[in-house]
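First the structure, in the form of structure tokens, and then the observations on it.
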Amino acid sequence: MTPRAGTMRLACMFSSVLLFGAAGLLLFISLQDPTELALQQVPGLKFNIRPQEPHSDLPSGSSQDGDSKAPTERATRDLSSRAPRGLNLQVSQQPQARLNAGARLRPRQRRRRLLIKKMPAAAAIPANSSAGTFVRPAPRALDGRWVSLHQSQQERKRVMREACAKYRASSSRRAVTPRHVSRIFVEDRRRVLYCEVPKAGCSNWKRVLMVLAGLASSTTDIQHNTVHYGSALRRLDTFDRQGILHRLSTYTKMLFVREPFERLVSAFRDKFEHPNSYYHPVFGKAILARYRANASREALRTGSGVRFPEFIQYLLDVHRPVGMDIHWDHVSRLCSPCLIDYDFVGKFESIEDDANFFLSLIRAPQNLTFPRFKDRHSQEARTTAQITHQYFAQLSTLQRQRTYDFYYMDYLMFNYSKPFADLY
């Protein structure tokens, strides 16, 4: 072989090696994940991703915990979109690291649904769970007087929560049941919950709720029997568990209270000093039979003529012949303010200002104001502090003290002063 022929043969062999090498490189490139190649070209990003070996005992598209398994390419895109430029990101080789964010949340959602199913009649509502339910005040509320009323609200809620924390520490850990919300009325259009406290403006508040609900055009058009014996307004305990929970956590909750002794005297005057087809035969007869030594047959037959000291004897008797009644029961029992976090606490003594401030907060129609007319026995004067003192003057010092003790939590929670100087 001549030297020239040898040189040509070596050149051909070298060309063949180059051709085979180029073909192999092209084959290697074609087998790689295009997304991974693209990511490798991003400056500053280093990924250490290995394809996951499929489980032979699991169907395609599923993982050991039952969640859908995202493909490696999708997980890579998701991570690359969230990683800042220039970050060296090392991706875990564990299967869970390749699940997308939605798949990771699914077990939590299942656990949450399981907890809801296992809850009692309703879930426990912490004492400050309803923050932020108020909407912004309407323009008519933006003046100095409304600012003062807002500050009063903050103070009332502070006093109430401190009393609950001090004396009813376990209440916030209890579960809300239908019994706790049986006195709460629902107005869905304005998303309002109102806890009824009898003898604290409840009749007129129900009228307002009916107007808000579109059931009447004016509060003056609604009669007493329609307010108290109709079924226009639903109570919260008539909803299912989820309906109760939803409304407690999203609606504006409010109640109105009254000085306890005044509320008690108002209830006595209304139920026992006027003809009444329920309170005389049910309560009056039992009270007279138990606490009047020489009750006449007529009194025992009708139950009429109960005196205030006799009524107080019944109230303070731990073995009272008939049970309690909502008209003189504690607000703490009627509305459970240590368990349900009320957004608004109004007082009967300032009911017009408080009520109209509340209506402004929920953006009620401008022409709707709180009615001030007396619902029953309109010819009589309202029960005032002076009238209340006249009734309590019929009691002994010990009876007054025991009655104050009976309502002590209401006095404390709603920051009412002692009505008599000799009380301790």
Side-chain angles (χ1 to χ4, degrees), residues 183 196-203 224 228 257-335 348-349 374-411 414 416-424:
R183 307 309 310 174
E196 174 191 33
V197 177
K199 314 310 297 179
C202 67
S203 299
H224 175 83
H228 291 285
V257 298
R258 187 175 185 178
E259 203 281 337
F261 277 14
E262 284 189 26
R263 177 171 166 254
L264 182 65
V265 171
S266 177
F268 174 79
R269 294 175 71 198
D270 181 25
K271 305 305 178 187
F272 294 102
E273 292 185 349
H274 299 275
N276 192 292
S277 60
Y278 173 75
Y279 285 90
H280 289 189
V282 174
F283 287 87
K285 290 168 67 172
I287 289 172
L288 292 172
R290 179 97 170 225
Y291 306 110
R292 185 176 293 182
N294 300 308
S296 66
R297 288 186 178 181
E298 181 66 13
L300 293 174
R301 183 182 68 83
T302 62
S304 301
V306 173
R307 303 182 187 115
F308 188 66
E310 295 167 338
F311 173 67
I312 295 299
Q313 281 185 281
Y314 143 78
L315 185 71
L316 300 177
D317 188 352
V318 294
H319 303 294
R320 59 178 72 93
V322 281
M324 284 293 289
D325 183 78
I326 61 171
H327 290 83
W328 46 84
D329 205 350
H330 312 81
V331 177
S332 55
R333 279 172 48 93
L334 293 171
C335 298
F348 184 82
E349 293 75 19
K374 201 168 183 288
D375 194 49
R376 289 162 58 83
H377 317 304
S378 56
Q379 72 283 0
E380 287 186 352
R382 290 184 183 276
T383 301
T384 60
Q386 183 180 0
I387 292 175
T388 299
H389 275 250
Q390 292 172 2
Y391 276 82
F392 272 84
Q394 304 173 37
L395 306 180
S396 67
T397 303
L398 179 60
Q399 285 178 314
R400 286 200 299 270
Q401 181 63 53
R402 289 186 61 201
T403 307
Y404 176 74
D405 294 340
F406 186 79
Y407 289 108
Y408 178 71
M409 277 304 297
D410 284 0
Y411 273 99
F414 305 112
Y416 283 109
S417 303
K418 293 178 182 178
F420 290 90
D422 58 353
L423 295 174
Y424 58 86

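Because the structure is a prediction, the values reported are computed rather than measured. In what follows, residues are counted from 1 in the order of the sequence shown.
In terms of the ring-ring contact (aromatic ring centres under 6.0 Å, His included) criterion, Tyr278 has no residue partners (sequence neighbours excluded).
Counting heavy atoms from C-beta on, the side chains of Gln401 and Asp405 come closer than 4.5 Å. Side chains of Phe311 and Tyr391 form no contact here, defined as non-hydrogen atoms less than 4.5 Å apart. At a threshold of 4.5 Å between non-hydrogen side-chain atoms, the residues Ile326 and Leu334 count as touching. Looking at Leu395 and Phe308, their side chains come closer than 4.5 Å, going by heavy atoms from C-beta outward. Here the side chains of Tyr408 and Leu423 are not in contact, with every heavy-atom distance at 4.5 Å or above. Between Phe348 and Arg263 the shortest side-chain heavy-atom distance does not fall below 4.5 Å. Ile312 places a side-chain heavy atom less than 4.5 Å from the side chain of Leu264. Looking at Phe406 and Pro260, their side chains never come closer than 4.5 Å, going by heavy atoms from C-beta outward.
The aromatic ring centres of Phe268 and Phe272 sit less than 6.0 Å apart. For His389 and Phe261, the ring centers are positioned 6.0 Å apart or more.
Counting only residues at least two apart or in different chains, salt bridge (Lys or Arg N to Asp or Glu O under 4.0 Å) contacts with residues 274-300 comprise Arg290-Asp317, Arg292-Glu310, Glu298-Arg301.
A distance of 8.0 Å separates CD of Glu196 from OG of Ser203, quoted to the nearest 0.5 Å. Met324 contributes atom CE, which lies 6.0 Å from atom OH of Tyr314 (distance to the nearest 0.5 angstrom). Note that CD of Gln399 is 11.0 Å distant from CG of Leu315, once rounded to the nearest 0.5 Å. For the atom pair CZ (Arg258) and CG (Asp410), the distance works out to 13.5 Å, reported to the nearest 0.5 Å. Atom SG of Cys202 sits about 6.5 Å away from atom NE2 of His327, to the nearest 0.5 Å. With rounding to the nearest 0.5 angstrom, the NZ atom of Lys199 is 6.0 Å from the NZ atom of Lys271.
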Legend entry - Criterion side-chain contact (heavy atoms from CB on, under 4.5 Å) on Phe420 and Tyr404, from CA distance to verdict: CA-CA 9 Å; Phe420 290 90; Tyr404 176 74; over 6 Å; no

Inset, instruction - May I have the step-by-step check of side-chain contact (heavy atoms from CB on, under 4.5 Å) for Arg183 and Asp329, ending in yes or no? - result: CA-CA 12 Å; Arg183 307 309 310 174; Asp329 205 350; over 6 Å; no

Inset, instruction - Show your working on ring pair (Phe, Tyr, Trp, His ring centres under 6.0 Å) between Tyr411 and Tyr407 and close with a plain yes or no. - result: CA-CA 6 Å; Tyr411 273 99; Tyr407 289 108; 7.4 Å; no

Inset, instruction - Start with the C-alpha distance between Tyr291 and Val306, add both sets of side-chain angles, then the distance that settles side-chain contact (heavy atoms from CB on, under 4.5 Å), and finish with yes or no. - result: CA-CA 10 Å; Tyr291 306 110; Val306 173; over 6 Å; no

Legend entry - Arg307/Gln394 under side-chain contact (heavy atoms from CB on, under 4.5 Å): CA gap, chis, key distance, verdict: CA-CA 10 Å; Arg307 303 182 187 115; Gln394 304 173 37; 5.6 Å; no

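Residue Thr383 is tested with Glu262, Glu259, Arg269 for a side chain to side chain donor-acceptor pair (under 3.5 Å); the sole match is Arg269.
The backbone N or O of Leu316 lies less than 3.5 Å from a partner atom in the side chain of Arg402, making a donor-acceptor pair.
Ala286 approaches Pro321 most closely through the heavy-atom pair O-CG, 3.9 Å.
Looking only at atom types and distance, the side chain of Glu349 has a donor-acceptor partner in the side chain of Tyr416 under 3.5 Å away.
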